[in-house]
Amino acid sequence: MPVTYAEVDLGAIAHNIRAVQNHIGPDVILIAVLKANAYGHGALMVAQTALQQGVQRLGVARPDEGAYLRANGVRVPILVMNYTSGRDLKTALDHDLLLSVTEDHIAEQLSALAEARGRPALVHVKVDTGMGRFGLLPDEVLPFIERLARLPGLAVEGIYSHFAVSDLADKSYTHQQFATFQQVLAALEAAGHYIPIRHIANSGATLDLPETHLDAVRVGIALYGMPRSSEVAPTVPLHPALSLKSRVARVRTLPAGSSISYGRTYITSRPTPVALVPVGYGDGYHRSLSNRGAVLINGRRAPIVGRVCMDQFVVDVSEAGDVRVDDEVVLLGCQGDASITAEEIATWAETINYEVTTGLLPRVPRLYTGDAHAYE
Ligand SMILES: Cc1ncc(COP(=O)(O)O)c(C=O)c1O
C-alpha cells in the first residue's frame with residue numbers, strides 16, 4: 001500500500017450511475033462524462049464501471065482522452081466536447097470519436113479526411129444558448145447545418161448546448177437557455193433537418209429539470225457522487241466515490257514560539273503536538289488550504305498549521321488523541337464517524353468540488369475498491 005493514495009469506490013460510482021439511469025428512464029441516453037481523467041477518479045476504471053452498468057456513450061473533452069479509452073478496449077461512441085483542430089482531427093478519426101463542430105474550415109477538413117478514409121465522420125453541432133463559451137450563436141445554426149449537409153463524408157448525428165447555471169436554485173436563466181435551444185431545434189425541423197441526438201442537460205438539469213432531458217443527458221459530477229452545488233437539495237441519493245488518504249510521517253511537540261513551514265505564517269502560542277502529513281500541492285492538495293484546512297486522524301479533526309508545501313504540511317493534533325507515526329490520515333473522505341467532503345475543502349480553498357478531485361495529480365496513485373452492488 002502506498003503511503004499516499006486516492007481510494008476510488010467503484011461501487012459508489014456504479015450506484016450513482018444506476019440512480020441517474022433510474023431517474024432519466026430507459027428512453028434517454030446517458031452520456032457519462034469522463035473528461036479530465038473522470039474528474040480525477042481514473043477514466044478507464046470509471047469507463048469500465050459505466051459500461052458494466054449499461055452506459056452506452058461517453059463524453060470527453062479532447063481526442064487524446066478518447067484515444068486512451070479506445071487503446072484500452074472501450075468501443076462505445078465517445079463524444080469529444082471541446083473545439084478540435086489540427087493533428088487532433090486525425091487522432092479523432094483514427095479512433096472513431098465523435099467531434100463537436102462549429103467552424104466551417106474544421107468541417108471541411110473533416111470531410112476531406114473522412115472521404116480519404118472512405119468512412120463518414122459523425123459530428124455533433126454545438127450551440128451557444130447563453131453560456132458564452134463554445135458554440136454557434138442560435139442564428140448561425142441553420143445556415144451552418146445547411147453547409148454541412150453539402151459536405152461529403154460528414155453526417156450530423158447530434159446537436160447540443162450547455163447550461164450555465166442549472167445547478168442553482170433559481171432556474172429562470174436555465175429555462176431561457178432551454179427555450180432558445182428549442183427554438184433552434186424547431187427552426188431546423190421546419191427546414192427539414194432531423195438530427196437524431198439532441199442534448200443539453202448536465203448534472204444540474206438532469207437531476208432537477210426532467211423536461212430538458214431530450215434524447216440524451218451529459219452527466220459528470222453526479223456520477224462521482226458529488227453535489228452539483230450547495231444551493232439545491234439532492235433529488236437522487238448519491239455517494240461520493242473518492243477519498244484521499246495518507247499516513248502520519250512524524251509526531252513532535254513543538255515548544256511555544258515555534259514557527260511552522262515556509263513564510264513562518266504560523267507561530268505556536270503554547271507547546272503544541274503536531275504531526276507531519278506527507279502530501280502537498282505536488283499532489284494537487286491546494287496551497288490555499290494553508291492555515292485553513294484540516295484532516296482527520298483518529299476520527300478527529302486536526303487543523304493545518306502553516307503553509308502547505310509541495311510535498312508535505314503540518315497539522316495540530318492537540319485534539320486528535322494519541323497520534324503515532326504511520327497512523328492513517330484522511331484528507332478527503334470518512335474516518336470513523338467523521339468526514340471531510342470535497343465541498344468543504346472547496347470552501348476552504350475558495351474553489352468548487354469539481355476542482356478538488358480533478359486537481360489530484362498523476363503522482364497520487366488511484367486504488368480501486370468497492371463492489372457494484374454495495375449500495376443497494
Ligand atoms: C459540455 C459539457 N457537458 C457536460 C458536462 C458535465 O457537467 P456536470 O459535471 O455538471 O454534470 C460538462 C462539464 O463541465 C461539459 O463541459
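Whatever order the structure lists ligands and atoms in, that order sets their numbers, starting from 1.
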Cut-off 3.5 Å, no hydrogens considered: what does the side-chain donor-acceptor table look like for residues 37-48, sequence neighbours left out?
unit_1: N37; atom_1: OD1; unit_2: A43; atom_2: N; d: 2.8
unit_1: H41; atom_1: ND1; unit_2: A38; atom_2: O; d: 3.0
unit_1: H41; atom_1: ND1; unit_2: Y39; atom_2: O; d: 3.0

**OP:** Pull out every atom of ligand 1 sitting under 4.0 Å from any heavy atom of N202, numbered as shown with elements.
**Re:** 7 (O), 11 (O)
Subject >> Under the salt bridge (charged side-chain N to carboxylate O under 4.0 Å, His left out) test, residues paired with R147 that sit two or more places apart >> reply: D104
**OP:** State plainly whether the residues D316 and R301 are in salt-bridge range, i.e. N to O under 4.0 Å.
**Re:** no
**OP:** Please say whether R218 places an N or O atom under 3.5 Å from an N or O atom belonging to ligand 1.
**Re:** yes
**OP:** Within a distance under 4.0 Å of any heavy atom of Y354, pick out the atoms of ligand 1 and give their elements.
**Re:** 8 (P), 9 (O), 10 (O)
**OP:** Output yes when D208 and R228 qualify as a salt bridge under the 4.0 Å nitrogen-oxygen rule, no when they do not.
**Re:** yes
Subject >> Main-chain N/O of N298 paired with Q335 side-chain donor or acceptor, under 3.5 Å >> reply: yes
Original post:
Under 4.0 Å from any heavy atom of Y39, which atoms of ligand 1 are there?
Top reply: 6 (C), 7 (O), 8 (P), 9 (O), 13 (C)
Subject >> N or O contact, G204 vs ligand 1, cut-off under 3.5 Å >> reply: no
Original post:
Mind checking whether K126 has an N or O less than 3.5 Å away from an N or O of ligand 1?
Top reply: no
Subject >> Which residue and heavy atom of the protein sit nearest atom 5 (C) of ligand 1, plus the separation >> reply: H162 CE1, 3.8 Å
**OP:** Kindly say whether H162 contributes a backbone atom to a donor-acceptor pair with the side chain of N202 at under 3.5 angstrom?
**Re:** no
**OP:** Between K35, M81, M131, flag the one that comes closest to atom 16 (O) of ligand 1 by a heavy atom.
**Re:** K35
**OP:** Please confirm whether A222 comes within less than 3.5 Å of ligand 1 when only nitrogen or oxygen atoms on both sides are compared.
**Re:** no
Original post:
Does some side-chain heavy atom of T102 sit less than 4.5 Å from a side-chain heavy atom of F134?
Top reply: yes
**OP:** Mark up the atoms of ligand 1 that fall under 4.0 Å of a heavy atom belonging to R133, in ascending order.
**Re:** 16 (O)
Original post:
How far is atom 11 (O) of ligand 1 from its nearest protein heavy atom, and which residue and atom name does that atom have?
Top reply: S203 OG, 2.5 Å
**OP:** Inspect the contact between R70 and E65 and indicate whether a charged nitrogen and a carboxylate oxygen are less than 4.0 angstrom apart.
**Re:** no
